[in-house]
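What follows is a short report on a single structure.
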Amino acid sequence: METPYATPNSSPDAGVILEADQLLLDKAASGLSLINLAILVNICSVVLMYAVSPLLGLLALVGLAMALVGIIRVGVGTKAGTLMTVFYVLLMFVPYLNILILLAVNSRASNHLKKHGYKVGLVGAKKPS
């Protein structure tokens, strides 16, 4: 016989994503898209810098701006912590290491979004239906 005063086995909100959490997940998904584009721009700028002209290396500044915004959005969206986000932002200014850091942040954000039901692809993440 069950007592009416026992705690329930599961919370009534199990499986429900709150609106504030949904906004954070959306922010992380948009940051993931920016990071994916920043990786592409960084790789293209390095190739163009060596193949065509060193002046095209300035294209990396566009990738840097996208990477910084993407890392901050992913850090806020995944609740990664201020210290870790600042550490990643500072590492973006180290040439060639920045692409590895972007790949690491991309992996963490992808795993976080997959855990919450998002479908993660090459371009970004889609909301669960």
Side-chain angles (χ1 to χ4, degrees):
M1 183 169 179
E2 291 185 36
T3 64
Y5 304 109
T7 58
N9 290 337
S10 64
S11 66
D13 294 333
V16 176
I17 298 177
L18 300 175
E19 187 174 338
D21 291 336
Q22 185 64 44
L23 290 174
L24 288 175
L25 289 171
D26 290 344
K27 188 171 282 211
S30 69
L32 180 67
S33 298
L34 280 172
I35 287 175
N36 287 341
L37 287 173
I39 292 170
L40 180 66
V41 168
N42 278 328
I43 291 172
C44 288
S45 71
V46 170
V47 169
L48 289 174
M49 182 175 66
Y50 288 117
V52 179
S53 169
L55 193 59
L56 288 175
L58 293 175
L59 186 62
L61 293 176
V62 174
L64 176 66
M66 289 190 324
L68 293 175
V69 173
I71 286 175
I72 291 170
R73 290 182 74 85
V74 166
V76 169
T78 60
K79 300 177 186 175
T82 306
L83 187 63
M84 187 62 82
T85 304
V86 169
F87 180 67
Y88 285 149
V89 165
L90 290 176
L91 286 176
M92 283 296 97
F93 295 100
V94 180
Y96 302 111
L97 182 63
N98 59 0
I99 295 175
L100 296 176
I101 297 302
L102 284 175
L103 290 172
V105 173
N106 182 1
S107 174
R108 285 183 178 214
S110 296
N111 289 337
H112 181 77
L113 289 170
K114 283 179 187 176
K115 185 173 74 173
H116 287 14
Y118 277 66
K119 291 185 180 183
V120 179
L122 184 62
V123 181
K126 287 185 180 180
K127 284 184 183 182
S129 53

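Here the structure is a predicted model, which means the values were calculated and not measured.
The shortest side-chain heavy-atom distance between Met66 and Asn42 does not fall under the 4.5 Å cut-off. No side-chain heavy atom of Leu23 sits under 4.5 Å from any side-chain heavy atom of Lys27. Using a 4.5 Å cut-off on side-chain heavy atoms (C-beta onward), Asn106 and Asn36 make contact. In this structure the side chain of Lys127 reaches within 4.5 angstrom of the side chain of Tyr118, judged on heavy atoms. Residues Val41 and Leu59 have side chains in contact (heavy-atom distance under 4.5 Å, counting atoms from C-beta outward).
Smallest separation of non-hydrogen atoms from Ala109 and Leu32: CB-CD1, 4.0 Å. The two residues Ala125 and Leu113 come nearest to each other via the heavy atoms CB-CD1, 3.8 Å. Of all non-hydrogen atoms in Thr78 and Val74, the two that sit nearest each other are OG1-O, 2.7 Å.
In this structure, CG in Asn98 is found 8.5 Å from CD1 in Ile71, a value given to the nearest 0.5 Å. Atom CE of Met49 and atom CG of Leu55 lie 11.5 Å apart (nearest 0.5 Å). With rounding to the nearest 0.5 angstrom, the CG atom of Leu48 is 12.0 Å from the CD1 atom of Ile43. Atoms OG and CD1, from Ser45 and Ile99 in turn, are 7.0 Å apart once rounded to the nearest 0.5 Å. Put simply, CG on Leu91 and CG on Leu102 are 10.5 Å apart, with the number rounded to the nearest 0.5 Å.
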Given side-chain contact (heavy atoms from CB on, under 4.5 Å), test Arg73 with Ile35 step by step and report yes or no.
CA-CA 10 Å; Arg73 290 182 74 85; Ile35 287 175; over 6 Å; no
With side-chain contact (heavy atoms from CB on, under 4.5 Å) as the test, would you mind laying out the steps for Val120 and His112 before giving the verdict?
CA-CA 10 Å; Val120 179; His112 181 77; over 6 Å; no
Might you work through the side-chain contact (heavy atoms from CB on, under 4.5 Å) test for Ile39 and Leu103, ending with a clear yes or no?
CA-CA 8 Å; Ile39 292 170; Leu103 290 172; 3.7 Å; yes
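A chain of hydrophobic side-chain contacts below 4.5 Å, direct or via other Ile, Leu, Val, Met, Phe, Trp or Tyr residues, connects Leu68 to Phe87. Hydrophobic clustering keeps Ile72 apart from Leu34 (ILVMFWY residues linked when any side-chain heavy atoms are closer than 4.5 Å, directly or through intermediates). One hydrophobic cluster holds both Leu97 and Leu64 under the rule that ILVMFWY side chains link at heavy-atom gaps under 4.5 Å. Hydrophobic clustering (side-chain heavy atoms under 4.5 Å, transitive across Ile, Leu, Val, Met, Phe, Trp, Tyr) keeps Val86 apart from Val76. Hydrophobic clustering of Ile, Leu, Val, Met, Phe, Trp and Tyr side chains at less than 4.5 Å, counting indirect connections, unites Met84 with Val94.
Although no hydrogens or angles enter the test, the distance criterion places no donor-acceptor pair under 3.5 Å between the side chain of Ser107 and the main chain of Ala104.
In Leu90, the CG atom is crowded: over 12 heavy atoms of neighbouring residues, nucleotides or ligands sit closer than 6.0 Å.
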